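Heads up, the thing below is written out as structure tokens.
Since this is a predicted model, take the numbers as computed values, not measurements.
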Amino acid sequence: MELDSRKQKIMDAIIQTYLKTGEPVGSRTISKYTDLNLSSATIRNEMSDLEEMGYIIQPHTSAGRIPTDKGYRLYVDHLVNEKTQQVTAMNSLMIAKTTRMEEVLKQVVKLLANNTNYTAMLSTPNYKHNKVKFIQLSRLNPRQILNVVVIDGNIVKNHIIDLNEDITEQQVLKLNLLLNTRLNGLSLADINLGLISNIKEEAGAHSQIVNEVLDTIAEVIRAETDENMEIYTSGANNIFKYPELADSENASKLISTLEEKKLLADFIQPEDTDKDKKDDDGVRVYIGDESPVESMKDCSVVTATYELGDGMQGTIGIIGPKRMDYEKVMDNLKTVKATLNQVFDGGSSPGIPEKHEESEDNGTS
């Protein structure tokens, strides 16, 4: 439900005050904070309406209100819709005479942590558009097919498909022609639901084989991406600045997640996913239970995808409490995203950093 302007201003005031103090917000505070010139009684009535709508809750009978996850979501969406952020120049801060991409990226993640007072993460860029080169289906027996998928770089994946009914050599030949005609030269991002539906329709009774071939393509491309990806983190100690995250159990889980960086890979997603959480600039916001990582259900995570040209993409992100300063975080991410895009645009694309031993620079700090 869309709020009227008065409720929206009160809601914004509640969240902005709670972001600063971490304490429940009362009507008297709001009456001083806003330019509405409303009495405390009127504001209390509006806050009651917001509570009934699920945007705020009263943690204790005599206390003020705090935002719910739904309230944070409203605030974030309002920011995205009402404010277009200008990209500022950060090239000098980020590059600082460094020439290697690895050094730049480590510097960026530290800069983000320092600028926001939250925890920052950054994945090294990977080629997101590996394309299918060839598909070969070979009949082993009437109920089994060998599926061979080759993608760019001559990366090969073999998989045996068990069938529920017999298949002839002629049928296998037709499937080879169909799959290679429709899928060769396509990246995973190019293979959409409409295309899949058309291929299955043409395959008729053999749509199961199409499913398994597509699963193999996705598996080999994602495995290649994951194998080459590094994730740098910085600012883990900032967790202890926020009481709701600093208790021993929560902090321990978060630190473990940051150390086991493969868990963070759930936030490294293709551009066409989670469209409902993404604004026009590609920034995604995960609030509370929206997080794909269990240990971060008490956090908010904001991510953005940066591009280095020629299909090279990586992810930058900020992890903090649900009362994080979303406006500041989005500004920082969009600035870094745009600057990285510009820094590496136009020239020869830098190579993916070689894997190296863990150090303080690319670990949590």
Worksheet item: Under 4.0 Å between a Lys/Arg side-chain N and an Asp/Glu carboxylate O for Glu294 and Lys253?
Response: no
Worksheet item: Shared ILVMFWY cluster between Leu178 and Leu193, side chains joined below 4.5 angstrom?
Response: no
Practice prompt. Could you check Val132 against Asn180 for side chain to side chain contact (heavy atoms under 4.5 Å, CB included), going step by step and ending with a plain yes or no?
Written response: CA-CA 9 Å; Val132 178; Asn180 281 285; over 6 Å; no
Practice prompt. Could I get the full list of side chain to side chain contact (heavy atoms under 4.5 Å, CB included) partners for Glu51, not counting sequence neighbours?
Written response: Ile56, Gln58, Arg65
Discussion item. So does Gly54 get a backbone contact from the side chain of Thr68, meaning a donor-acceptor N/O pair under 3.5 Å?
Written reply: yes
Worksheet item: Tell me, do Tyr118 and Met324 make a side-chain contact under 4.5 Å, heavy atoms counted?
Response: yes
Discussion item. To check you understand the geometry: which heavy-atom pair defines the closest contact between Ala246 and Ala251, and what is its length?
Written reply: O-CB, 4.0 Å
Worksheet item: Parallel, tilted or perpendicular for Tyr326 and Tyr75, by the 30°/60° rule?
Response: perpendicular
Worksheet item: Do the side chains of Leu146 and Phe134 join up, straight or via other hydrophobic residues, at under 4.5 Å, putting them in one cluster?
Response: yes
Item to complete: Kindly indicate, with the supporting measurements, whether the criterion side chain to side chain contact (heavy atoms under 4.5 Å, CB included) is fulfilled by Asn147 and Ile135.
Response: CA-CA 7 Å; Asn147 169 33; Ile135 299 166; 4.2 Å; yes
Item to complete: Carefully, step by step, assess Val109 and Thr233 under the rule side chain to side chain contact (heavy atoms under 4.5 Å, CB included).
Response: CA-CA 7 Å; Val109 76; Thr233 60; 5.6 Å; no
Worksheet item: What is the distance from atom CD1 of Ile15 to atom NZ of Lys322, rounded to the nearest 0.5 Å?
Response: 12.0 Å
Worksheet entry | Between OG on residue Ser123 and CD on residue Glu230, distance to nearest 0.5 Å | 10.5 Å
Worksheet item: To the nearest 0.5 Å, how far apart are CG in Leu74 and CG in Leu50?
Response: 8.5 Å
Discussion item. Regarding Lys7 and Asp49, does a basic nitrogen lie under 4.0 Å from an acidic carboxylate oxygen?
Written reply: yes
Fill in: Gap between atom CG of Leu245 and atom CG of Asn238 - 0.5 Å precision
11.0 Å
Practice prompt. List the steps, then state whether side-chain hydrogen bond (donor to acceptor under 3.5 Å, both in side chains) holds for Asp4 with Gln8.
Written response: CA-CA 6 Å; Asp4 59 40; Gln8 185 68 62; over 6 Å; no
Practice prompt. Supply the atom-to-atom distance His206 NE2 to Glu212 CD, rounded to the nearest 0.5 angstrom.
Written response: 13.5 Å
Discussion item. Main chain of Leu137, side chain of Asn176: is a donor-acceptor contact present, judged purely on distance under 3.5 Å?
Written reply: yes
Worksheet item: Does atom CG of Leu177 have more than 12 heavy-atom neighbours, drawn from other residues, nucleotides or ligands, at distances under 6.0 Å?
Response: yes
Discussion item. One thing to verify: whether Glu290 and Lys297 come together as a salt bridge, which I'm taking to mean a side-chain N less than 4.0 angstrom from a carboxylate O.
Written reply: no
Worksheet entry | Shortest non-hydrogen contact between Thr257 and Ser295, atoms and distance | OG1-OG, 2.5 Å
Item to complete: Determine the minimum heavy-atom distance between Ser31 and Ser40, stating which atoms define it.
Response: OG-OG, 3.8 Å
Worksheet item: Does a side-chain heavy-atom distance below 4.5 Å link Val283 with Thr303?
Response: no
Discussion item. Are Arg6 and Ile10 packed together at the side-chain level, in the sense that at least one heavy-atom pair is separated by less than 4.5 angstrom?
Written reply: yes
Discussion item. Counting C-beta onward and ignoring hydrogens, is there a side-chain heavy-atom pair between Met121 and Ile316 closer than 4.5 Å?
Written reply: no
Practice prompt. Return yes if some donor-acceptor pair links the side-chain N/O of Arg323 with the main-chain N/O of Lys20 below 3.5 Å, else return no.
Written response: no
Discussion item. If you compare all heavy atoms of Leu195 against all heavy atoms of Ile191, which two are closest, and at what distance to 0.1 Å?
Written reply: CD2-CA, 4.1 Å
Fill in: Atom of Pro321, atom of Ser300 and distance for their closest heavy-atom approach
O-CB, 3.9 Å
Worksheet item: Is the shortest heavy-atom distance from the side chain of Ile239 to the side chain of Thr119 under 4.5 Å?
Response: yes
Worksheet item: Does Asn198 offer a backbone N or O that forms a donor-acceptor pair with the side chain of Arg182 under 3.5 Å?
Response: no
Practice prompt. Using atom types as modelled and distance alone, determine if a side-chain donor or acceptor of Gln171 lies under 3.5 Å from a backbone N or O of Thr168.
Written response: yes
Fill in: Criterion side chain to side chain contact (heavy atoms under 4.5 Å, CB included) against Ile145, the qualifying member of Ile209, Val213, Leu140
Ile209
Worksheet, complete the sentence: So CD1 of Ile196 and CG of Leu183: to nearest 0.5 Å the spacing works out to 8.5 Å
Fill in: Any donor-acceptor N or O pair under 3.5 Å, side chains Asn211, Lys200
yes
Fill in: Side chain proximity check, Leu122 to Leu112, heavy atoms < 4.5 angstrom
no
Worksheet item: Is the closest side-chain heavy-atom distance between Pro292 and Tyr286 below 4.5 Å?
Response: yes
Worksheet item: Where is the tightest heavy-atom contact between Ile318 and Ala120, given as atom of each residue plus distance?
Response: CD1-CB, 4.0 Å
Worksheet item: Between Arg143 and Asp162, does at least one N-O distance fall below 4.0 Å, as a salt bridge requires?
Response: no
Worksheet entry | Pair Asn184-Lys133, side-chain hydrogen bond (donor to acceptor under 3.5 Å, both in side chains): steps then yes or no | CA-CA 5 Å; Asn184 280 9; Lys133 287 186 68 175; over 6 Å; no
Discussion item. Looking at Ala203, is its backbone amide N or carbonyl O close enough to the side chain of Ser207 to form a donor-acceptor pair, meaning the two atoms are under 3.5 Å apart?
Written reply: no
Worksheet item: Are Lys70 and Tyr55 in a cation-pi setup, meaning NZ or CZ lies under 6.0 angstrom from the ring centre and within 45 degrees of the ring axis?
Response: yes
Discussion item. With a 4.5 Å cut-off on side-chain heavy atoms, are Gln208 and Asn164 touching?
Written reply: yes
Discussion item. Under a 3.5 Å distance rule, please check whether Thr335 uses its side chain to pair with a backbone N or O of Asp331 as donor and acceptor.
Written reply: yes
Worksheet entry | Asn332 and Thr116: CA distance, side-chain angles, deciding distance, side-chain hydrogen bond (donor to acceptor under 3.5 Å, both in side chains) verdict | CA-CA 8 Å; Asn332 272 269; Thr116 61; over 6 Å; no
